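Got a structure here, written out as structure tokens. Questions coming.
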Protein chains: 2
Amino acid sequence: MPESKLGLLQGTLDVMVLQTLAAMGPQHGYGIARRIEQVSGDEILLNQGTIYASLVRLQHRGWIRAKWGASENKRKAKFYSITPKGRVRLGQDVAYWQRLADVMGRVLASRARENGNA
Amino acid sequence: MPESKLGLLQGTLDVMVLQTLAAMGPQHGYGIARRIEQVSGDEILLNQGTIYASLVRLQHRGWIRAKWGASENKRKAKFYSITPKGRVRLGQDVAYWQRLADVMGRVLASRARENGNA
DNA sequence: TGGTCACATAACAGAATACGATATTCCTGT
DNA sequence: ACAGGAATATCGTATTCTGTTATGTGACCA
């Protein structure tokens with residue numbers, strides 16, 4: 001069980017969605033959410049509804065496209081897939097993330113002066 | 001020169017400010033901003049004014065405190081320092097960041113299927 | 001037939017950074 | 001002595017995103 005729910009930072013959800021679609025192929029919103037939670041080792045728990053706003057954004061920008069179909073359970077579901085533009089964007093996002101992680105690492109590593117403490 | 005300006009994600013600026021104060025001791029807003037840019041290797045470029053909203057937030061929460069003084073150039077400046085509560089918070093923030101970076105790494109590493117591509 | 005789960009849409013609240021305008025004070029060049 | 005610019009701070013607004021909650025629909029099962 002996850003220690004505590006891990007909140008997300010602005011933009012990280014969209015990247016994970018793109019990555020998930022790139023890695024899994026076409027998938028419906030519900031499935032994408034479950035997959036992200038699973039891959040994260042259940043550290044991330046997406047509130048029901050949270051993923052859809054992301055999907056709307058991404059589709060609106062032309063990075064994913066949707067098509068109605070039926071899930072494995074015969075239920076009506078919208079299947080999303082990543083577009084070529086989406087792949088390009090994903091590449092940029094990953095590069096951005098690595099840069100940010102690098103910079104944060106550098107900043108957080110700047111040594112603290114030896115203070116008495118609390 | 002930086003390739004391109006690196007935008008920040010929600011919350012990362014506040015953590016960097018706390019860390020900077022913990023590492024440098026009391027410092028004024030302008031100095032904190034310059035320091036963050038420097039430590040980041042000039043990848044981060046803080047727009048003038050951006051840092052102050054962060055300082056207001058942190059002070060409002062009791063994580064930093066301010067005192068008017070004079071900068072090395074004899075100009076009037078507000079010197080901020082981290083409080084005990086701020087140090088606790090910084091620890092939590094760093095832990096959070098590491099968790100998020102870890103999870104993002106896991107998600108972004110999920111293999112893409114071999115697709116023709118674009 | 002009634003319930004629950006899979007799956008989707010919509011709308012608002014909260015929070016933080018980007019950006020631009022403005023004010024003050026000190027320092028430097030002429 | 002004066003103009004201009006750098007150091008330093010404040011404020012207000014636009015934008016964007018996640019959290020959250022309410023609501024709807026169709027399948028499956030007891």
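The shown structure was predicted, so the numbers you read here are calculated from the model rather than taken from an experiment. Each chain gets a letter, A, B and so on, in the order its sequence line appears, and its residues count up from 1.
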### Summary
In whole angstroms, the gap separating P of C/dA16 from CG of B/Leu55 amounts to 13 Å
### Message
Over all strands shown, is B/Gly7 touching base, sugar-phosphate only, or nothing at heavy-atom distances under 4.0 angstrom?
### Response
sugar-phosphate
### Task
To the nearest Å, give me how far apart CD (A/Gln27) and C1' (C/dC7) are.
12 Å
### Query
Using a cut-off of less than 4.0 Å, is there contact between a side-chain N or O of B/Ser71 and OP1 or OP2 of D/dT8?
yes
### Task
Using a 4.5 Å cut-off on heavy atoms from C-beta on, say whether the side chain of A/Arg35 contacts that of A/Gln27.
no
### Message
To check you understand the geometry: which heavy-atom pair defines the closest contact between A/Val103 and B/Ser40, and what is its length?
### Response
CG1-CB, 3.7 Å
### Query
So, does A/Thr83 use its side chain to make a donor-acceptor pair with the main chain of A/Gly62 at under 3.5 Å?
yes
### Task
Quick one: list whatever passes side chain to side chain contact (heavy atoms under 4.5 Å, CB included) with B/Glu37, sequence neighbours left out.
B/Arg34, B/Asp42, B/Leu45, B/Leu46
### Summary
In whole angstroms, the gap separating P of D/dT25 from NE2 of A/His28 amounts to 21 Å
#### Entry: Verdict with supporting geometry, A/Leu8 and B/Leu100, side chain to side chain contact (heavy atoms under 4.5 Å, CB included)
CA-CA 8 Å; A/Leu8 292 180; B/Leu100 180 65; 4.1 Å; yes
Pairs: protein N or O with nucleotides 10-13 of chain D N or O, under 3.5 Å:
| unit_1 | atom_1 | unit_2 | atom_2 | d |
| --- | --- | --- | --- | --- |
| D/dT10 | OP1 | B/Lys78 | NZ | 2.7 |

### Summary
Residues pairing under ring pair (Phe, Tyr, Trp, His ring centres under 6.0 Å) where one sits in residues 29-67 of chain A, two or more places apart or in two chains, turn out to be none
### Task
Take the protein atom OH of B/Tyr96 and the nucleotide atom C1' of C/dA16, then report the distance between them rounded to whole Å.
13 Å
### Query
Quick one: does B/Met16's side chain get under 4.5 Å of B/Ile44's, heavy atoms only?
yes
### Query
So does B/Asn47 get a side-chain nitrogen or oxygen closer than 4.0 Å to the phosphate oxygens (OP1/OP2) of C/dC19?
yes
### Query
By side-chain hydrogen bond (donor to acceptor under 3.5 Å, both in side chains), which residues pair with A/Asp102, not counting sequence neighbours?
A/Arg106
### Summary
note: B/Leu8, atom CG; C/dC19, atom P; distance rounded to Å ~ 11 Å
### Task
Return the value, rounded to whole Å, for the distance between atom CZ of B/Arg61 and atom C1' of C/dG14.
11 Å
### Message
Between P on C/dA6 and CD on A/Glu37, what's the gap in Å once rounded to a whole number?
### Response
12 Å
#### Entry: Nearest to side-chain heavy atoms of A/Ala77, which nucleotide of D/dT8, C/dA15, C/dA8
C/dA8
### Query
Expressed in angstrom and rounded to an integer, what is the separation of B/Leu100 atom CG from D/dC17 atom P?
16 Å
#### Entry: Short side-chain N/O contact from A/Arg34 to OP1 or OP2 of C/dC5, under 4.0 Å
no
#### Entry: Which residues share a side-chain hydrogen bond (donor to acceptor under 3.5 Å, both in side chains) with B/Arg89, sequence neighbours left out
B/Asp93
### Sugar-phosphate or base contact per nucleotide [nucleotides 24-30 of chain C; S, B, -; heavy atom under 4.0 Å]
-BBS---
